[in-house]
Number of protein chains: 2
Amino acid sequence: MRDVNDSSGLGLRERKRAQTAEAIHIAAAELVLENGLDETTIDAISARADVSNRTFFNYFPSKEDAVLGIDEGAVAAELDKVHDTQEDPLAAVFDLIYAIFEASGGKQRKELSRAVIRKHPQLMTRQMARVADLEDRLSEIIAGWLRDDERFADDTDAERLEQARLILGICLSTVRISMRRWAGHDHSGSGAGSSDTPDPRKIYERAIATLRTVMEKLS
Amino acid sequence: MRDVNDSSGLGLRERKRAQTAEAIHIAAAELVLENGLDETTIDAISARADVSNRTFFNYFPSKEDAVLGIDEGAVAAELDKVHDTQEDPLAAVFDLIYAIFEASGGKQRKELSRAVIRKHPQLMTRQMARVADLEDRLSEIIAGWLRDDERFADDTDAERLEQARLILGICLSTVRISMRRWAGHDHSGSGAGSSDTPDPRKIYERAIATLRTVMEKLS
DNA sequence: CGCATTCTTGCACTCTCTGCAAAGTTGCGC
DNA sequence: GCGCAACTTTGCAGAGAGTGCAAGAATGCG
């Protein structure tokens, strides 16, 4: 998909393509904020982004993807630079999910997406389901990590794979719920107003802390 | 989905309605098994079930629901008979999910659904997403249980709700992965073929055991 | 039997999404 | 600059999902 011949930086083509994608995403998010998810048609998004209906589908496979600004290529690229050795599997899985999510994102995007997700939490579930499509690939990566972990050393490959799936699922749930909190967190408060958008890393740290708390209480 | 053969006290109308739902479900599942999920159209399902396209939508809101034979009414009914006091939150949540799943299910249904899920694991994710739609209601129920649990006694209501959401998510992931195993388990063995379908309860017991194992290893 | 309720169905319609082919752009070597 | 190759945009045609409506059929109950 990516062109390999970069003589100096990015060509006009790639820049234009990125611009169009951004325009469609912004249009989609704004319209959904104004009118709601179901009330926003792809025709309307295309019109605001000044492209044809057909071109919309050249950039995003669905309305939801456009609203969230998901860049399939960036996600795939992220998967290819996964590191081999990892200390704590749980932390590593969170890092992985974090990387995938951050893969598609500018700055403006995030504020918009946050507002959109606050208005339509179902999108978050959808987002997770998307990651779940990568379940097989991700699980194998995680299972590979587990092989190097003494606590899973006695298991068979099949057992490790199943446990990897479970760990992935658990981490995804944790992230989703934390994101929900993030989206729902009202930052129009009175306090010092500097950077009131939470640092994404903080969200993940908090997520992993919550998970550990719950796991301890339940064991 | 109500048992078609259970005519106790039900009028002809209700029996016929159950029969039609069953017929549509069977037709959908069989066609998907034969031709695949995307290749099966609602028109084809309707034709095999001998109803009109329009009638299909009187029974199921989507193709996926028909394939899985989901009975929205039965699920809702199940939610209403949730017990108050519960011993172990984790076990209780599994019981709850179990009840919801079993709510829609005849006997024949299960063998079919199993084969279908084996062929199209995405349906399982979809199934879980459906339960996730009940997240708010379920989470509140679970949060109520947590209030009676000493380990969560010091938390605020908001904290308990968030942890309830997380617990629900974790249990759902666990169930999904166990179901995957269940669907994938090859039962074409040599022995007598009657009841080699694993007992659903066993699946849940195994699921909860797997979860505990992983949680212990990760703490 | 007759009336109210419910179920089925056809019809028309919107919306998502895909394939195809024609026309326009861009990049690059010459 | 020229022209070719690659890429992009767009319109068009069409399948498929899903909904609202209203006419007509089946059912149940008094």
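Throughout, protein chains are lettered first and strands after them, A, B, ... in sequence-line order, and every chain is numbered starting at 1. Side chains are part of it too, since the values below use all heavy atoms of this structure and drop only hydrogens, waters and symmetry mates. What you see is a predicted model, and the numbers here were worked out from it, not measured in a lab.
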With DNA chain D as reference, determine whether A:Thr20 or B:Asn53 sits nearer its 5' end, using the nearest nucleotide of each. A:Thr20
Please report, rounded to the nearest Å, how far the P atom of C:dT6 is from the CZ atom of B:Arg15. 18 Å
Interatomic distance, A:Asp43 CG vs D:dT10 C1' [rounded to whole Å]: 13 Å
When you check the gap from the basic side-chain N to the acidic O, do B:Lys119 and B:Glu39 get nearer than 4.0 Å? no
Find the distance B:Ile45:CD1 to D:dG16:P and express it as a whole number of Å. 12 Å
So which nucleotide from C:dC17, C:dT9, D:dA17 ends up closest to the side chain of B:Phe57? D:dA17
Quick check: do B:Phe94 and B:Leu211 have side-chain heavy atoms less than 4.5 Å from each other? yes
Mind checking if B:Ser46 touches a base, just sugar-phosphate, or nothing, with heavy atoms under 4.0 Å? nothing
Are A:Thr55 and D:dT10 close enough that a side-chain N or O sits under 4.0 Å from OP1 or OP2? yes
Between D:dA6 (P) and A:Glu14 (CD): distance, integer Å: 17 Å
May I have the distance from B:Ile42 (atom CD1) to D:dG16 (atom P), rounded to whole angstrom? 11 Å
Counting only side-chain nitrogens and oxygens, does A:Lys16 get under 4.0 Å of the OP1 or OP2 atom of C:dT26? yes
Report the distance from atom CG of A:Asn58 to atom C1' of D:dT10, rounded to the nearest whole Å. 9 Å
Starting from P on D:dC7, measure out to CD on A:Gln19 and report it in whole angstrom. 20 Å
Sidechain N-carboxylate O distance under 4.0 Å for B:Arg180, A:Asp136: yes
Value in whole Å for how far the C1' atom of D:dG28 lies from CZ of B:Arg17: 16 Å
Can you tell which of C:dG10, C:dC17, D:dT8 lies closest to the side chain of B:Ser52? C:dG10
Would you confirm whether B:Lys63, through its side chain, and B:Ile45, through its main-chain N or O, come within 3.5 Å as a donor-acceptor pair? no
Examine D:dT8: is either OP1 or OP2 under 4.0 Å from a nitrogen or oxygen in the side chain of A:Tyr59? Give yes or no. no
Tell me whether the side-chain N/O atoms of A:Lys63 come closer than 4.0 Å to OP1 or OP2 in C:dT16. yes
Any B:Leu218 side-chain heavy atom under 4.5 Å of A:Ile170 side chain: no
Short side-chain N/O contact from A:Arg54 to OP1 or OP2 of D:dC12, under 4.0 Å: no
